[in-house]
Amino acid sequence: MEISENGINAIKNYEGLRLKAYPDPATGAEPWTIGYGHTKGVVSGQVITQQQANAFLHEDLAPIYAVLQQYVTVSLTQGQFDALCSFIFNVGIGNFLHSTLLKKLNKDDIQGAAQEFLKWDRAAGKEMPALRARRKSEQRMFLA
């Protein structure tokens, strides 16, 4: 299974597009980010095209597909798959693999798993309104 156009558009909306590399907002330095949240190999001053940003996004999703295929033991709807891709894209594979969300999902507790999205709305220990909005949107996508 791969992310749908709806899922891609959601990630693009959440991440925003930046064609010039920018530093991590928390540190003002690494990791440098470009495109739709791409960090691998990005350096200060780097500039890309919209097409490269799209290519990076699809490259960044490939390992997420592999994780979902390997570690999710229940069948997923397209909405669930899209929501999980967005969630993992944002919180990282390691966090997902150790999450209660994954544990509940694999017990086929869909409602319980959906509630777990909302627990991931903090950065540096502070609740972030933008993350809260993203998690609610992902939760709606997951339950649709």
Side-chain angles (χ1 to χ4, degrees), residues 1-106 110 112-144:
M1 185 175 261
E2 288 191 9
I3 196 168
S4 71
E5 196 63 33
N6 182 49
I8 288 283
N9 289 336
I11 291 174
K12 286 180 175 182
N13 183 55
Y14 301 141
E15 295 291 334
L17 173 62
R18 304 269 298 265
L19 298 177
K20 183 172 185 200
Y22 61 96
D24 179 79
T27 65
E30 291 182 354
W32 287 84
T33 305
I34 203 162
Y36 299 106
H38 179 76
T39 58
K40 186 177 179 186
V42 179
V43 295
S44 174
Q46 185 174 353
V47 177
I48 61 171
T49 65
Q50 167 105 35
Q51 292 77 15
Q52 187 62 57
N54 287 333
F56 281 154
L57 177 56
H58 286 280
E59 287 173 23
D60 292 341
L61 285 166
I64 294 171
Y65 299 158
V67 163
L68 289 171
Q69 184 176 1
Q70 183 174 354
Y71 293 98
V72 174
T73 60
V74 297
S75 294
L76 297 173
T77 66
Q78 187 66 57
Q80 290 167 339
F81 189 86
D82 291 352
L84 290 168
C85 284
S86 174
F87 178 76
I88 297 167
F89 189 89
N90 184 242
V91 306
I93 289 171
N95 284 328
F96 173 69
L97 290 177
H98 295 98
S99 71
T100 303
L101 191 160
L102 177 60
K103 289 178 181 74
K104 288 185 177 187
L105 179 61
N106 281 338
I110 301 305
Q115 289 305 310
E116 292 298 313
F117 281 91
L118 303 181
K119 296 179 180 177
W120 293 82
D121 65 349
R122 298 179 181 276
K126 240 174 71 173
E127 186 176 318
M128 306 295 286
L131 278 179
R132 184 73 172 173
R134 181 174 184 162
R135 296 291 101 88
K136 285 182 177 181
S137 175
E138 290 165 344
Q139 182 187 54
R140 283 190 302 275
M141 193 184 315
F142 185 82
L143 291 171

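Here salt bridge (Lys or Arg N to Asp or Glu O under 4.0 Å) pairs that include residues 94-105, with residues two or more places apart or in two chains, are Lys104-Glu116. The stretch residues 55-69 participates, sequence neighbours left out, in these side chain to side chain donor-acceptor pair (under 3.5 Å) pairs: His38-Asp60. The ring-ring contact (aromatic ring centres under 6.0 Å, His included) analysis of residues 119-144, with sequence neighbours excluded, yields the pairs Phe87-Trp120, Phe117-Phe142.
Using modelled atom types, one side-chain atom of Asn95 and one backbone atom of Val91 make a donor-acceptor pair closer than 3.5 Å. In this structure, Gln46 contributes its side chain and Val43 its backbone to a donor-acceptor pair below 3.5 Å.
For the pair Tyr36 and Asn54, the minimum side-chain heavy-atom distance is below 4.5 Å. Using a 4.5 Å cut-off on side-chain heavy atoms (C-beta onward), Leu131 and Arg122 make no contact. A heavy-atom distance below 4.5 Å is found between the side chains of Phe96 and Val72. Here the side chains of Lys136 and Leu118 are in contact, with some heavy-atom distance below 4.5 Å. Residues Leu19 and Leu17 are in side-chain contact: their nearest non-hydrogen atoms beyond the backbone lie under 4.5 Å apart. Between Gln80 and Ile110 the shortest side-chain heavy-atom distance falls below 4.5 Å.
Residues satisfying the side chain to side chain contact (heavy atoms under 4.5 Å, CB included) test with Gln51, not counting sequence neighbours, are Thr49. Taking Ser137 as the reference, Tyr14 meet the side chain to side chain donor-acceptor pair (under 3.5 Å) condition, with sequence neighbours excluded. Residues satisfying the side chain to side chain donor-acceptor pair (under 3.5 Å) test with Gln78, not counting sequence neighbours, are Asp82. Residues passing the side chain to side chain contact (heavy atoms under 4.5 Å, CB included) test with Ser44 are Trp32, sequence neighbours excluded. By the salt bridge (Lys or Arg N to Asp or Glu O under 4.0 Å) test, Glu15 pairs with Arg134, sequence neighbours left out. In this structure Asn13 satisfies the side chain to side chain donor-acceptor pair (under 3.5 Å) test with no other residue, sequence neighbours excluded. Applying the salt bridge (Lys or Arg N to Asp or Glu O under 4.0 Å) rule to Arg18 yields no partners; only residues at least two apart in sequence or on another chain are considered. Shown here are the side chain to side chain donor-acceptor pair (under 3.5 Å) partners of Asn106, two or more places apart in sequence or in another chain: Thr73. For Thr39, the side chain to side chain contact (heavy atoms under 4.5 Å, CB included) test picks out Pro31, Thr33, with sequence neighbours left out.
Rounded to the nearest 0.5 angstrom, Glu138 CD and Ile11 CD1 are separated by 8.0 Å. Atom SG of residue Cys85 and atom CD1 of residue Ile64 lie 6.0 Å apart, to the nearest 0.5 angstrom. In this structure, OG on Ser4 lies 7.5 Å from CE on Met141, to the nearest 0.5 angstrom. For the atom pair OG of Ser99 and CD1 of Ile93, the computed distance is 12.5 Å after rounding to the nearest 0.5 Å.
Heavy-atom contacts from other residues, nucleotides or ligands closer than 6.0 Å to OH of Tyr71 number 12 or fewer.
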request  = Run the numbers on Leu84 and Leu102 for side chain to side chain contact (heavy atoms under 4.5 Å, CB included), then give the verdict.
outcome  = CA-CA 10 Å; Leu84 290 168; Leu102 177 60; over 6 Å; no
task = Under the side chain to side chain contact (heavy atoms under 4.5 Å, CB included) rule, what do Arg135 and Arg132 come out as? Steps first, then yes or no, please.
result = CA-CA 5 Å; Arg135 296 291 101 88; Arg132 184 73 172 173; 5.6 Å; no
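Nearest approach of Ala21 to Ile34, heavy atoms of both residues: N-CD1, 3.5 Å. Nearest heavy atoms, Leu105 versus Ala113: N-CB, 3.9 Å.
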